[in-house]
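One structure is given below, encoded as structure tokens.
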Amino acid sequence: MKVTFTRNLPRTESYISSKKDVKAFLGHYEMLTVNFGLRRKFEFDSRCSNKPKVAGPVVVSVSINRSREIMVSFYPVSLSDLPVDAVMEFHGNTLQAISKWIDETVGKPETAIVGVEQLIVAIEGEQIKFHQTVFL
């Protein structure tokens with residue numbers, strides 16, 4: 001696991017997780033790159049034609065390309081948009097779900113991954129929601 005970028009945030013913003021927690025759950029992947037705040041907010045790739053409807057702030061996105069390189073991007077969230085229950089849920093279940101999704105995606109046969117597979121995690125209301133998309 002390699003952390004390539006970390007943006008310092010004002011006191012009004014936070015990431016949903018820390019490097020320590022990410023390393024504990026995802027540190028065993030060899031081709032994993034993690035960045036915290038490389039971009040201020042999530043934007044869909046221009047190659048993505050079937051964009052899912054995301055109704056809240058995106059806190060993390062995970063992308064896996066054909067070479068099985070994994071990119072995990074955390075986005076800063078305003079503390080007013082980050083419920084305490086969502087943070088506990090993220091550390092309790094969501095990181096494991098992300099790890100499981102990575103295992104399933106990386107475990108696919110070579111011909112099954114035709115582009116970039118992306119998992120988008122957003123806070124919608126008081127809940128954490130997953131969205132998936134594939135683009136070339």
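Throughout, numbering of the chain's residues begins at 1 and tracks the sequence. Computation of the quantities below employed the complete heavy-atom set of this structure, encompassing side-chain atoms and omitting hydrogens, waters and symmetry-equivalent molecules.
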Under a 4.5 Å cut-off applied to non-hydrogen side-chain atoms, are [X] and [Y] in contact?
{"X": "Ser14", "Y": "Leu82", "value": "yes"}
{"X": "Thr6", "Y": "Lys19", "value": "yes"}
{"X": "Phe25", "Y": "His91", "value": "no"}
{"X": "Asn35", "Y": "Tyr75", "value": "no"}
{"X": "Thr105", "Y": "Ile113", "value": "yes"}
{"X": "Leu9", "Y": "Arg7", "value": "yes"}
{"X": "Val72", "Y": "Leu32", "value": "yes"}
{"X": "Ile128", "Y": "Val121", "value": "yes"}

**Asked** Taking NZ, NE, NH1 and NH2 as the nitrogens, is one of them in Lys108 or Glu117 under 4.0 Å from a carboxylate oxygen of the other?
**Response** yes
**Request:** Answer yes or no: is there an ion pair linking Arg40 with Glu13, defined by an N-O contact shorter than 4.0 Å?
**Result:**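 Looking at Arg40 and Glu13, the cut-off is met.
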Starting at [atom1] of [X], measure out to [atom2] of [Y] and round the result to the nearest 0.5 Å.
{"X": "Thr33", "Y": "Leu38", "atom1": "OG1", "atom2": "CG", "result": "11.0 Å"}
{"X": "Ile98", "Y": "Asp103", "atom1": "CD1", "atom2": "CG", "result": "12.0 Å"}
{"X": "Glu43", "Y": "Cys48", "atom1": "CD", "atom2": "SG", "result": "12.5 Å"}
{"X": "Leu79", "Y": "Thr12", "atom1": "CG", "atom2": "OG1", "result": "6.5 Å"}
{"X": "Lys51", "Y": "Ile120", "atom1": "NZ", "atom2": "CD1", "result": "10.5 Å"}
{"X": "Met71", "Y": "Lys2", "atom1": "CE", "atom2": "NZ", "result": "8.5 Å"}

**Transitive ILVMFWY side-chain link Ile123 to Val58, under 4.5 Å** = no
**Asked** Is Phe130 reachable from Val59 through a run of hydrophobic residues whose side-chain heavy atoms are each under 4.5 Å from the next?
**Response** yes
**Request:** State whether a side-chain donor-acceptor pair under 3.5 Å links Glu124 with His131.
**Result:**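 Yes.
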**Prompt:** Does a side chain donor of either Tyr15 or Asp21 reach within less than 3.5 Å of an acceptor in the other side chain?
**Reply:** no
With no hydrogens and no angle check, is any side-chain donor or acceptor of [X] less than 3.5 Å from a backbone partner on [Y]?
{"X": "Arg47", "Y": "Phe135", "result": "no"}
{"X": "Arg68", "Y": "Val106", "result": "yes"}
{"X": "Gln118", "Y": "Thr133", "result": "no"}
{"X": "Ser99", "Y": "Leu95", "result": "no"}

**Item:** Over 12 foreign heavy atoms within 6.0 Å of CD, Glu110
**Value:** no
**Message:** Tell me whether the count of non-hydrogen atoms from other residues, nucleotides or ligands lying under 6.0 Å of NZ in Lys23 goes above 12.
**Reply:**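 Atom NZ in Lys23 is not packed in, count stays at 12 or less.
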**Contact summary for Ala122 and Gly56, nearest pair of heavy atoms** =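 Closest heavy-atom pair between Ala122 and Gly56: CB-O, 4.1 Å.
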**Message:** Check for me whether the distance between the ring centres of Phe74 and Phe36 falls short of 6.0 Å.
**Reply:** yes
**Request:** Would you please name every residue forming a ring-ring contact (aromatic ring centres under 6.0 Å, His included) with Phe44, sequence neighbours left out?
**Result:**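 By the ring-ring contact (aromatic ring centres under 6.0 Å, His included) rule, Phe44 matches Phe42.
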